[in-house]
Amino acid sequence: MSVELNHTIVHSRDNREAAEFLAHVLGLEVGAGWGPFVPVGTSNNVTLDFATVPAESIVMQHYAFLVSDDEFDAAFERIERAGITYFADPQGSRPGEINHNHGGRGLYFMDPSGHGMEIITTPYTFPA
């Protein structure tokens with residue numbers, strides 16, 4: 001068997017709020033909660049399990065999602081309709097812009113718990 005990422009736990013101030021926020025932006029479904037987790041699954045079978053933890057213990061993480069052009073357009077429309085601040089860069093110095101890195105489109109936004117989220121249409125490529 002090859003090694004694949006199956007799931008990861010995302011620390012959140014409110015697991016339901018965070019899961020619903022990301023699912024809404026990406027056009028995904030929130031799964032049935034189990035134990036302390038509220039899951040959001042992606043099309044490549046990776047699950048983000050949102051868990052409520054004390055706010056002071058949350059350390060900002062970065063999650064990047066590869067989407068098609070149509071999915072980007074739909075997510076971008078939902079982001080704009082919801083009034084979510086977005087940026088062309090991870091430093092947040094280019095608000096209200098998207099980028100065209102690596103020949104695609106991308107943008108960054110924050111989730112309700114302070115995690116950096118990114119959507120891109122082309123995977124990043126780096127020299128070997």
Side-chain angles (χ1 to χ4, degrees):
M1 174 193 275
S2 62
V3 177
E4 296 180 358
L5 180 64
N6 178 265
H7 69 277
T8 190
I9 296 171
V10 182
H11 289 172
S12 308
R13 289 187 302 231
D14 179 315
N15 60 358
R16 174 73 47 193
E17 175 190 34
E20 289 177 355
F21 173 85
L22 185 64
H24 172 72
V25 168
L26 297 179
L28 300 172
E29 296 291 324
V30 175
W34 59 279
F37 306 111
V38 176
V40 174
T42 65
S43 64
N44 62 337
N45 297 316
V46 174
T47 303
L48 290 91
D49 291 323
F50 290 86
T52 300
V53 299
E56 62 273 8
S57 69
I58 296 174
V59 176
M60 193 273 276
Q61 298 291 312
H62 174 77
Y63 299 91
F65 300 92
L66 181 63
V67 298
S68 70
D69 283 313
D70 288 342
E71 290 165 332
F72 184 92
D73 292 340
F76 186 47
E77 183 178 318
R78 288 189 288 271
I79 287 168
E80 287 194 306
R81 256 190 288 133
I84 298 167
T85 302
Y86 61 92
F87 305 90
D89 62 315
Q91 297 80 19
S93 65
R94 295 174 49 202
E97 297 179 37
I98 65 170
N99 68 56
H100 297 278
N101 299 340
H102 304 274
R105 295 181 293 160
L107 63 80
Y108 299 82
F109 59 98
M110 302 301 284
D111 90 332
S113 299
H115 295 300
M117 302 291 178
E118 177 183 13
I119 56 174
I120 55 175
T121 60
T122 304
Y124 288 177
T125 55
F126 300 99

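Predicted, not measured: the structure shown is a model, and the values here were computed from it.
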Would you kindly confirm whether Tyr63 and Leu26 end up in one hydrophobic cluster when ILVMFWY residues are joined by side chain heavy atoms under 4.5 Å apart? yes
What closest approach, in Å, do Leu5 and Val46 show between heavy atoms, and which atom pair accounts for it? O-CG2, 3.2 Å
Examine Ile98 and Phe87 and state if one hydrophobic cluster contains both, with Ile, Leu, Val, Met, Phe, Trp and Tyr joined whenever side-chain heavy atoms are less than 4.5 Å apart. no
Please determine whether residues Ile120 and Leu22 belong to a single hydrophobic cluster, defined as Ile, Leu, Val, Met, Phe, Trp and Tyr linked transitively by side-chain heavy-atom distances below 4.5 Å. no
For residues Tyr108 and Glu118, determine if any side-chain heavy atom of one lies less than 4.5 Å from a side-chain heavy atom of the other. yes
Atom CD1 of Ile58 and atom OG1 of Thr52: how far apart are they, to the nearest 0.5 Å? 8.5 Å
When you measure from the side chain of Ser113 to the backbone of Asp111, do you find a donor-acceptor pair of N or O atoms at a distance under 3.5 Å? no
Taking atom CG of Asp49 and atom NE2 of His11, what is their separation to the nearest 0.5 Å? 11.0 Å
Minimal non-hydrogen separation, Val25 against Ile84, with atom names: CG2-CD1, 3.9 Å
Regarding Thr42 and Asn44, do their side chains bring together a donor and an acceptor under 3.5 Å, going by distance alone? yes
Listed by chain and number, what are the salt bridge (Lys or Arg N to Asp or Glu O under 4.0 Å) partners of Asp89, not counting sequence neighbours? none
Checking side-chain contact (heavy atoms from CB on, under 4.5 Å) between Arg105 and each of Thr122, Val67, Ile119, Asp73, which is the one that passes? Asp73
List the residues meeting salt bridge (Lys or Arg N to Asp or Glu O under 4.0 Å) with Arg78, not counting sequence neighbours, and say none if there are none. none
Closest approach of Gly31 to Arg16 (non-hydrogen atoms, all atoms of both residues): O-NH1, 4.4 Å
Between CZ of Phe76 and CG of Asp69, what distance do you get to the nearest 0.5 Å? 13.0 Å
Find the distance between CZ (Arg94) and CG (Asn99) and round it off to the nearest 0.5 Å. 6.5 Å
Using a 6.0 Å cut-off, check whether atom CD of Glu97 has over 12 heavy atoms from anything other than its own residue. yes
For the backbone of Ala51 and the side chain of Asn15, can you confirm whether one donor and one acceptor N or O come within less than 3.5 Å of each other? no
Hphob cluster co-occupancy, Leu28 + Met117, side-chain heavy atoms under 4.5 angstrom: yes
With rounding to the nearest 0.5 Å, note down the distance linking OG1 in Thr125 to CG in Asn101. 10.5 Å
Over all heavy atoms of both residues, which pair between Pro123 and His102 is shortest? Give the atoms and the distance, please. O-CB, 4.0 Å
Which heavy atom of Phe21 sits nearest a heavy atom of Met110, and at what distance? CZ-O, 3.5 Å
In short, Phe50 meets Ala18 closest at the heavy-atom pair CD2-CB, 3.6 Å
Out of curiosity, His24 NE2 to Glu29 CD, how far, rounded to the nearest 0.5 Å? 12.5 Å
Partner residues of Glu56 under the salt bridge (Lys or Arg N to Asp or Glu O under 4.0 Å) criterion, sequence neighbours left out: none
Indicate the ring-plane relationship of Trp34 and Phe37, choosing parallel, tilted or perpendicular according to the 30° and 60° boundaries. tilted
Decide whether Phe65 and Ile79 are clustered together by the hydrophobic rule: side chain heavy atoms of Ile, Leu, Val, Met, Phe, Trp, Tyr closer than 4.5 Å, transitively. yes
